K.L.:
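Take a look at the following structure, please.
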Amino acid sequence: MQVYNTQSRKKEELIPLDPPNIRMYVCGPTTYNFIHLGNARPLVFFDTVRRYLEYRGYKVKYVQNFTDVDDKIINRALKEGEEPLKLASRYIEEYFKDADALGVRRADVHPRVSEHIDDIIKAITGLIAKGYAYVVDGDVYYRVEAFPGYGKLSGRTQEEMMAGARVEIDERKENPADFALWKKAKPGEPYWESPWGKGRPGWHIECSVMAVKYLGETLDIHGGGNDLIFPHHENELAQAEALTGKPFVRYWMHNGFITVNNEKMSKSLGNFFLLRDILAKFPPDVVRFYLLSVHYRSPLDFDDGKLTEAGKALGRLKNTRLLACEFIEGGRELEKGLAQDAFIEEVKREKAEFIAAMDDDFNTAQALGHLFNISRLLNSYMAEADKHDELARARVREALHIFEELGNILGIFMEYKEEKEDLWLDLAGIMLDVRQMLREEKNFVLADQIRNCLYELGIVIEDTPEKSRIKAENAPPVEKVMEKVIFIRSELRKNKDYARADYIRDRLKEKNILIEDTREGARWRFAQI
RNA sequence: GGGCGGGUGGCGAAGUGGCUAACGCUGAGGUCUGCAAAAUCUCCAUUCACCGGUUCGAAUCCGGUCCCGCCCUCCA
């Protein structure tokens, strides 16, 4: 496998320190708000990396931190009159709601800064002892000059950084590039006791400490957004290597930014999208699919139109899955080997190419292309094949198995909570049955009226030789569906088709719905039990 | 100012020396269908920002020009 390493700026063969183990650390959010789309990209991408590495036989230990001690949290807590740590922990819970929705698996460890203050103090003490840090009036700074490799990740020299530096110069620092390991607490701020007085950790030290604590002195993969390269990861590296004397990370991976109308997403521009708001408009699998449809190192532009398009594209894949499931329904499992033929061979070729694409620096966009190819192969095969042929079913079963296996690496085949029990489906089913009767007696006018009624509710009917199927993006409210049912029944009565009108009434009764005909029209209610 | 990355069809987006430049969306036509929908088939870039160069051969390598994004400040 090839992995692009930010530090060397080229793709390198992935060789873990201790195969088959892979130790992976990804920087998690600072929890002072709901996460936004920009947070979602690394989440989904590195979750996919993890799934793929596991698929390839690696044993992955995955750690993702929460920064729950930070100036932004303190400021926000101050405004809202809440305890900073409580606020942070509240948003950690909210974080999990969003991440779960996107199908992001929980990390093996989710360490929090607030629970590692002792480790951090120990690390800072060690850095001071080794001459890599110094104390100034309750603050502790990292001595950049003492670490010769400083700048090797972001690829810049200290002189270069000086050139365009906009950092205000703190006269107490030995060198303007020195950064805080420990910050003295101002009045009213939360603090922990330390050898240097009351204070809290600086921004970068927590990751070095927690990564080493849970994964060892050398990680295989360390990931995060592009913007973390400098200063965050540069500083993490400087701290960790100064302390351990070992290489901190073998492969640095960074994802590109999300833009909105080709502008960086930022609060000042007012083009900030909370994941929560997006998930209110689009299903989570569509969001996940969209994030993976562009190579992770490229910028990804966001707008509703693009997500709508992604929804259609993903719909193709999901439809294939549905068709294939229908095709193999009820069939027996055939022995392997029997099913081999040119079709299966082609599917396997696409699978091999999918894997080749993922092996090449996790090229999810290209991998998706091969998934679409399998989709087309399957659809074509099913269109030609006889679903009563056991052999054909066995082949479809095998192809579907491959299709789902690959889709699950990307995490785009989410199982929605079962809607089978939903009342609207029963109601639509009754309508469908009535429509079928009407079609059989060639009453297409009314049959089409039923289809249109359902369509207005967002329910699509597709007729096949065997049966008709119902699809809906979102479950329509029962009241709306009942409105249509009553309307159709009244049309039937107008046509003096009382048998069918009664049929509807009887079927509804089975579902505990009573119809009462009045002079003004019918009304309905749930039967008392 | 310094550093990094990028400009591919109507749109999105892969491809980094040689197969017909993937794949998705959109559009056109055909098959299927009572009609639809879904599915399927065919078509839609002689061309990869521009100009030079290297090479038998370049979207892909080199040089230059123009444009865009990101980092250098909290940020995923």
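This one's a predicted model, so the numbers in the text were calculated from it and none came from an experiment. Naming convention: chains lettered A, B, ... in sequence-line order (proteins, then strands); numbering from 1 in each chain.
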K.L.:
In terms of the nearest nucleotide of RNA chain B, which residue is placed more toward the 5' end: A:G38 or A:A310?
P.N.:
A:A310

K.L.:
To the nearest Å, how far apart are A:F230 CZ and B:rA76 P?
P.N.:
17 Å

K.L.:
If you measure from the C1' atom in B:rG18 to the same atom in B:rC4, how many Å do you get, rounded?
P.N.:
31 Å

K.L.:
Apply side-chain contact (heavy atoms from CB on, under 4.5 Å) to residues A:F273 and A:F302 and explain how you reach the verdict.
P.N.:
CA-CA 9 Å; A:F273 287 96; A:F302 172 81; 3.7 Å; yes

K.L.:
Would you list the pairs meeting salt bridge (charged side-chain N to carboxylate O under 4.0 Å, His left out) in which at least one residue belongs to residues 358-375 of chain A, sequence neighbours left out?
P.N.:
A:K11-A:D360, A:R56-A:D359, A:R297-A:D361

K.L.:
Measuring from the side chain of A:F372 (C-beta onward, heavy atoms only), which nucleotide among B:rA14, B:rG24, B:rG5 has the closest atom?
P.N.:
B:rG24

K.L.:
Rounded to whole angstrom, note down the C1' distance from B:rG1 over to B:rG63.
P.N.:
23 Å

K.L.:
Check side-chain hydrogen bond (donor to acceptor under 3.5 Å, both in side chains) between A:H295 and all other residues, then give those that pass, not counting sequence neighbours.
P.N.:
none

K.L.:
Hey, what's the ring geometry for A:Y95 with A:F66, parallel, tilted or perpendicular (30° and 60° as the breaks)?
P.N.:
perpendicular

K.L.:
Check every strand shown and say whether A:H36 touches a base, only sugar-phosphate, or nothing at a heavy-atom separation below 4.0 Å.
P.N.:
base

K.L.:
Suppose you measure atom P in B:rC23 against the same atom in B:rA14; what distance do you get, rounded to whole Å?
P.N.:
15 Å

K.L.:
Taking side-chain hydrogen bond (donor to acceptor under 3.5 Å, both in side chains) as the definition, give me every residue that meets it alongside A:Q436, ordered by chain and number, with sequence neighbours left out.
P.N.:
A:R439, A:E440

K.L.:
Given the C1' atoms of B:rU16 and B:rG10, what is the spacing between them in whole Å?
P.N.:
26 Å

K.L.:
Compute whether any side-chain donor of one residue and acceptor of the other, for A:S154 and A:E234, lie under 3.5 angstrom apart.
P.N.:
yes

K.L.:
What nucleic acid atoms does A:I229 come within less than 4.0 Å of, heavy atoms only: base, sugar-phosphate, or nothing?
P.N.:
nothing

K.L.:
Could you state the CG-P distance from A:N255 to B:rG5, rounded to the nearest angstrom?
P.N.:
16 Å

K.L.:
Whole angstroms only, please: what is the CD1-P distance between A:I74 and B:rC74?
P.N.:
15 Å

K.L.:
Could I get the full list of side-chain hydrogen bond (donor to acceptor under 3.5 Å, both in side chains) partners for A:T30, not counting sequence neighbours?
P.N.:
none

K.L.:
Need one value for A:G224: base, sugar-phosphate or nothing, where a base atom within 4.0 Å counts as base even if backbone is also close, heavy atoms only.
P.N.:
sugar-phosphate

K.L.:
Can you give one letter per nucleotide of nucleotides 6-12 of chain B, going 5' to 3': B for a protein heavy atom under 4.0 Å from the base, S for sugar-phosphate only, - for none?
P.N.:
------S

K.L.:
Residues of residues 353-368 of chain A with any non-hydrogen atom less than 4.0 angstrom from an atom of RNA chain B: list those, numerically ordered, please.
P.N.:
A:N363, A:A365, A:Q366

K.L.:
Please say whether the positively charged group of A:R321, taken as NZ for Lys or CZ for Arg, lies over the ring of A:F403, i.e. under 6.0 angstrom from the six-membered ring centre and within 45 degrees of the axis.
P.N.:
no

K.L.:
Given the rule in the side-chain contact (heavy atoms from CB on, under 4.5 Å) test, do A:E82 and A:R90 qualify, once you have shown the distances and angles that lead to the verdict?
P.N.:
CA-CA 11 Å; A:E82 192 175 6; A:R90 209 178 78 230; 2.4 Å; yes

K.L.:
Please step through side-chain contact (heavy atoms from CB on, under 4.5 Å) for the pair A:Y62 and A:I221, ending with a clear verdict.
P.N.:
CA-CA 10 Å; A:Y62 191 81; A:I221 293 173; over 6 Å; no

K.L.:
Atom CG of A:L228 and atom C1' of B:rA76: how far apart are they, to the nearest Å?
P.N.:
6 Å

K.L.:
Send over the distance from A:K173 NZ to B:rU73 C1', rounded to a whole Å.
P.N.:
12 Å

K.L.:
Taking atom C1' of B:rA76 as reference, at what distance in whole Å does atom CD1 of A:I35 sit?
P.N.:
10 Å

K.L.:
Determine whether the aromatic ring of A:F257 stacks with the base of B:rA76, defined as ring centroids separated by less than 5.5 Å and ring planes inclined by less than 30°.
P.N.:
yes

K.L.:
So, are A:E326 and A:R469 salt-bridged, with charged N and O less than 4.0 Å apart?
P.N.:
yes

K.L.:
On a whole-Å scale, what distance lies between the P atoms belonging to B:rG57 and B:rG15?
P.N.:
26 Å

K.L.:
I'd like to compare against my own output: the B/S/- annotation of nucleotides 32-41 of chain B with a strict under-4.0 Å heavy-atom distance to protein.
P.N.:
--BBBBSSSS

K.L.:
From the options B:rG5, B:rC71, B:rA14, select the nucleotide whose nearest atom is closest to the side chain of A:D227.
P.N.:
B:rC71

K.L.:
According to side-chain hydrogen bond (donor to acceptor under 3.5 Å, both in side chains), who are the partners of A:R200, at least two apart in sequence or on a separate chain?
P.N.:
A:D71, A:E189

K.L.:
Looking at A:E80 and A:R76, is there a salt bridge between them, counting it only when a charged N and a carboxylate O are closer than 4.0 Å?
P.N.:
yes

K.L.:
Applying salt bridge (Lys or Arg N to Asp or Glu O under 4.0 Å), can you list everything that pairs with A:E441, at least two apart in sequence or on another chain?
P.N.:
A:R500

K.L.:
Quantified in whole Å, what is the C1' atom distance between nucleotide B:rG69 and nucleotide B:rG52?
P.N.:
27 Å

K.L.:
When rounded to the nearest Å, what value does the distance between C1' atoms of B:rA45 and B:rC68 take?
P.N.:
22 Å

K.L.:
What pattern of brackets, bars and dots sums up RNA chain B from 5' to 3', given Watson-Crick or G-U wobble pairs under 3.5 Å, [ ] for crossing pairs and | for another strand?
P.N.:
((((((((.[[[..)..(....]]].(((((.......))))).....[[[[[..)....]]]]])))))))....

K.L.:
When rounded to the nearest Å, what value does the distance between C1' atoms of B:rU20 and B:rG9 take?
P.N.:
15 Å

K.L.:
A:F66 CZ to B:rA76 P: how many Å, rounded?
P.N.:
12 Å

K.L.:
Using the salt bridge (Lys or Arg N to Asp or Glu O under 4.0 Å) criterion, which residues pair with A:K152? Sequence neighbours excluded.
P.N.:
A:E241

K.L.:
Using the test ring pair (Phe, Tyr, Trp, His ring centres under 6.0 Å), find all partners of A:Y52 that sit at least two apart in sequence or belong to another chain.
P.N.:
none

K.L.:
Starting at atom NZ of A:K351, determine the distance to atom P of B:rA22, rounded to an integer number of angstrom.
P.N.:
25 Å

